[in-house]
Structures are given as C-alpha cells and as structure tokens.
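Since the structure comes first, as structure tokens, the remarks are kept for the end.
In what follows, chains are A, B, ... by sequence order, proteins preceding strands, each numbered from 1. FYI, side chains are in, hydrogens and waters are out, and symmetry mates aren't considered; it's all heavy atoms of this structure.
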Amino acid sequence: MPELPEVETIAQGVNTRVRGRRIVSVFLGSKPELLKSPRNEMLRALKHHSIAQVRRVGKHIVFDLAREAETSPIAQWLVHLGMTGRLLVAQPEVPLPAHTHAVLRLDDQREIRFVDARRFGRLSVLWLGEDGMSKGFVGTGREPLTISAEEFIALFHRRKAPMKSLLLNQSLLHGVGNIYADESLFHAGIRPKRQASRLTRAELLRLRKALQTVLRKAIASGGSSVSDYVDADGVQGFFQLEHCVYLRTGEPCRACQTPIQRIVLAGRGTHYCSRCQS
DNA sequence: AATGAAACCTGACAGC
DNA sequence: TGCTGTCAGGTTTCAT
C-alpha cells in the first residue's frame, strides 16, 4: 500500500511512540515468505534489545536496535509493507487484527504489530559491524527528496523505457510508487509513456521539482488513504483529496476539465490528462 | 544491460 | 444471496 509519504508518516509515528523502549518478547507468525532472514536470527536481534530509533529509508522502515544502556545500534530490523502491510502500536487489550504476522511486546506492555493481508510485505534483519564496519541499510536507490538536479538528470540519461516505468524503478529512485509517479508526471505536464531519453533537460528539472513538491505535500497531509492505509495509530491520511489523476479515470481534469485517461503501463494502472500532459 | 510481462496473495466492489 | 470479473499503495523472476 504505502509509498514514501505513507512510510515516512508511519516511521515518524512509530518512532515518536516507541523510541527508547525495550523489547521484552517477540511473536513471529508461521508464514515463511514474510521472513527474508532466518527466524532465529530475527528473534535474537529483537529480543531484549532497545529501539534506538525508527526511520524511513526508501519504502523501508528501519528499526535501529541497541543493547540496553548502550546507544550505538548492533542490528537493524527492516520492515517493508508491500501493498497492504500495516505497522501499528497498540495496547495489549486491543484485539489482534486478522493477518497479524509479527508482534513485539515492549517493556511498557504496548505492542508493535505487523499486519499484512496480502503478504507482499517483508521482514529482515541486518547485523552491524563492531566498529562501524557496516553503515547499515542505505536503501536501494537515490532519495527523491534530496537528490540534486544534476544527479536526477543523470539517472535517466539514455534510458529508453517510459518515464513512469523508471520512476517506479527502486534501484534508481527509492520511495516512488504508482500514486506519486502519476501525480508528479501530471504536475510536470509529461505523458507517462514518454521515453526518458527524449525528455528535455527542462522537462526533467520540472519533473524533479513536481515530484519533490508532491511528496512533501503528501507527507504534510499524513499520506494518501486510498483503500486501507493507516498510520501507527490507525488514523487515515488525507492526501487522496489532493489527487489530480490517480484513480480519477473519466473524471474531469482539475485544470482543464478533460476526462482523465487510464492505460496500463509497466503492469500498473496509469492515469493522465491528455490535454495537460504532452 | 534493459525492458516487459507474469506471478505472488487477499479483499473490496460492481454487475449479473 | 452468491457468483464472476476487475482492480488495488509492490517486488521478484523469467523471457525476450
């Protein structure tokens, strides 16, 4: 479900609520495909350790785990929410939702719960070297909010795939998904199918600006709740009210009233205005 | 190397 | 009511 703004909202929310707490017990469900690291490794990394920090890297939520009374992390717990994953902080008396696959019980009794109906989510553990040997998880690509204009342009140099497909490629930029790819292309006035290598420098500069603006605004709105996205408290975002094209097939363009088109590109529903985007 | 299509799952919703 | 088909915030794998 979640893209950069939703993952950012969740990570910030979880961080505020559980930073500094100790994990006293861990439950991991029986679905093996969710665990990208061995189960015993994951239990060993989590159990009896403290949560130094929770943050977002790309679409991943990173838990920095430290020994008690120490600050430098020894391991990281990585959570990828896939399409339908949720990460909730709840009191123990609140009933476990269906499809709960992991529960971390904290020293104040509260629980961090990983819930994922479709099971496209993934959990993994990264061990950190003793003397800062490993920097830990740095993500799969460049960070869209901080990438410079020149680096952004260089990413797409000589690429012949449609621009939207490349926006979704997590080894180039990480964090952009279907909603924000469609929305940023609309705001930049670029058709999703355009070959990246045929975009002008000015268009690429416009796209970077549009992408950063739309991501920042979405974070400020707590993300987009299209079907079932909620933050760490189970609260919905409201950036879906600002969508110009995503899931608005046939509805009038907010700028020119032309009905929004839907095509399939890179296997994904793709929405654009045929008049505003050229 | 790069691109595209299919596969992995469940749930919600529209139409009959 | 219940069936079928479509669609959904993502990534990986396989074929070209």
Looking across every strand, which nucleic acid part, if any, lies under 4.0 Å from [X] by heavy atom: base, sugar-phosphate, or nothing?
{"X": "A:Tyr180", "answer": "nothing"}
{"X": "A:Arg262", "answer": "sugar-phosphate"}
{"X": "A:Gly267", "answer": "nothing"}
{"X": "A:Leu247", "answer": "sugar-phosphate"}

Quiz item: For A:Phe120 and C:dT11, do the ring centres fall under 5.5 Å apart while the planes stay under 30° apart?
Solution: no
Using a cut-off of less than 4.0 Å, is there contact between a side-chain N or O of [X] and OP1 or OP2 of [N]?
{"X": "A:Lys59", "N": "C:dT11", "value": "yes"}
{"X": "A:Arg158", "N": "B:dA1", "value": "no"}
{"X": "A:His99", "N": "B:dG11", "value": "yes"}

Quiz item: A:Lys217 and A:Glu242: salt bridge (charged side-chain N to carboxylate O under 4.0 Å, His left out), yes or no, with the steps?
Solution: CA-CA 9 Å; A:Lys217 285 186 179 171; A:Glu242 310 284 326; over 6 Å; no
Among [options], which is the nearest nucleotide to the side chain of [X]?
{"X": "A:His80", "options": "C:dA8, C:dT11, B:dT10", "result": "C:dT11"}
{"X": "A:Tyr246", "options": "B:dG4, B:dG11, C:dA8", "result": "C:dA8"}
{"X": "A:Gln170", "options": "B:dG11, C:dT11, B:dC9", "result": "C:dT11"}
{"X": "A:His271", "options": "C:dA8, B:dG4, B:dG11", "result": "C:dA8"}
{"X": "A:Ala161", "options": "C:dA8, C:dG10, B:dT3", "result": "B:dT3"}

In whole Å, what is the span from the [atom1] atom of [X] to the [atom2] atom of [N]?
{"X": "A:Lys31", "N": "B:dT10", "atom1": "NZ", "atom2": "C1'", "answer": "11 Å"}
{"X": "A:Arg118", "N": "C:dT12", "atom1": "CZ", "atom2": "C1'", "answer": "14 Å"}
{"X": "A:Leu4", "N": "C:dG10", "atom1": "CG", "atom2": "P", "answer": "11 Å"}
{"X": "A:Leu167", "N": "C:dT11", "atom1": "CG", "atom2": "P", "answer": "13 Å"}
{"X": "A:Arg268", "N": "C:dT12", "atom1": "CZ", "atom2": "P", "answer": "13 Å"}
{"X": "A:Leu166", "N": "B:dA1", "atom1": "CG", "atom2": "P", "answer": "17 Å"}
{"X": "A:Lys164", "N": "C:dG10", "atom1": "NZ", "atom2": "P", "answer": "9 Å"}
{"X": "A:His174", "N": "C:dT12", "atom1": "NE2", "atom2": "C1'", "answer": "19 Å"}

Practice problem: Let me know which of A:Ile147, A:Leu166, A:Asn169, A:Leu204 forms a side-chain contact (heavy atoms from CB on, under 4.5 Å) with A:Leu155. | Solution: A:Ile147
Practice problem: Would you confirm whether A:Glu251, through its side chain, and A:Pro259, through its main-chain N or O, come within 3.5 Å as a donor-acceptor pair? | Solution: no
Self-check item: Check: A:Gln12 main-chain N/O paired with A:Thr16 side-chain donor or acceptor under 3.5 Å
Solution: yes
Practice problem: Indicate, yes or no, whether a donor-acceptor pair under 3.5 Å links the base of B:dC9 to the side chain of A:Arg119. | Solution: no
Quiz item: For atom P, what is the distance between C:dC3 and B:dC9, given to the nearest Å?
Solution: 23 Å
Self-check item: Distance, P atom - from C:dT6 to B:dA6, rounded to whole angstrom
Solution: 14 Å
Quiz prompt | Working for salt bridge (charged side-chain N to carboxylate O under 4.0 Å, His left out), residues A:Glu150 and A:Arg201 | solution = CA-CA 10 Å; A:Glu150 291 312 317; A:Arg201 183 181 168 82; 2.6 Å; yes
Quiz prompt | Pair partner, C:dA8 [Watson-Crick or wobble, under 3.5 Å] | solution = B:dT10
Exercise. Just do the side-chain hydrogen bond (donor to acceptor under 3.5 Å, both in side chains) check on A:Glu6 and A:Thr9 with the steps written out, would you?
Key: CA-CA 5 Å; A:Glu6 292 77 34; A:Thr9 302; over 6 Å; no
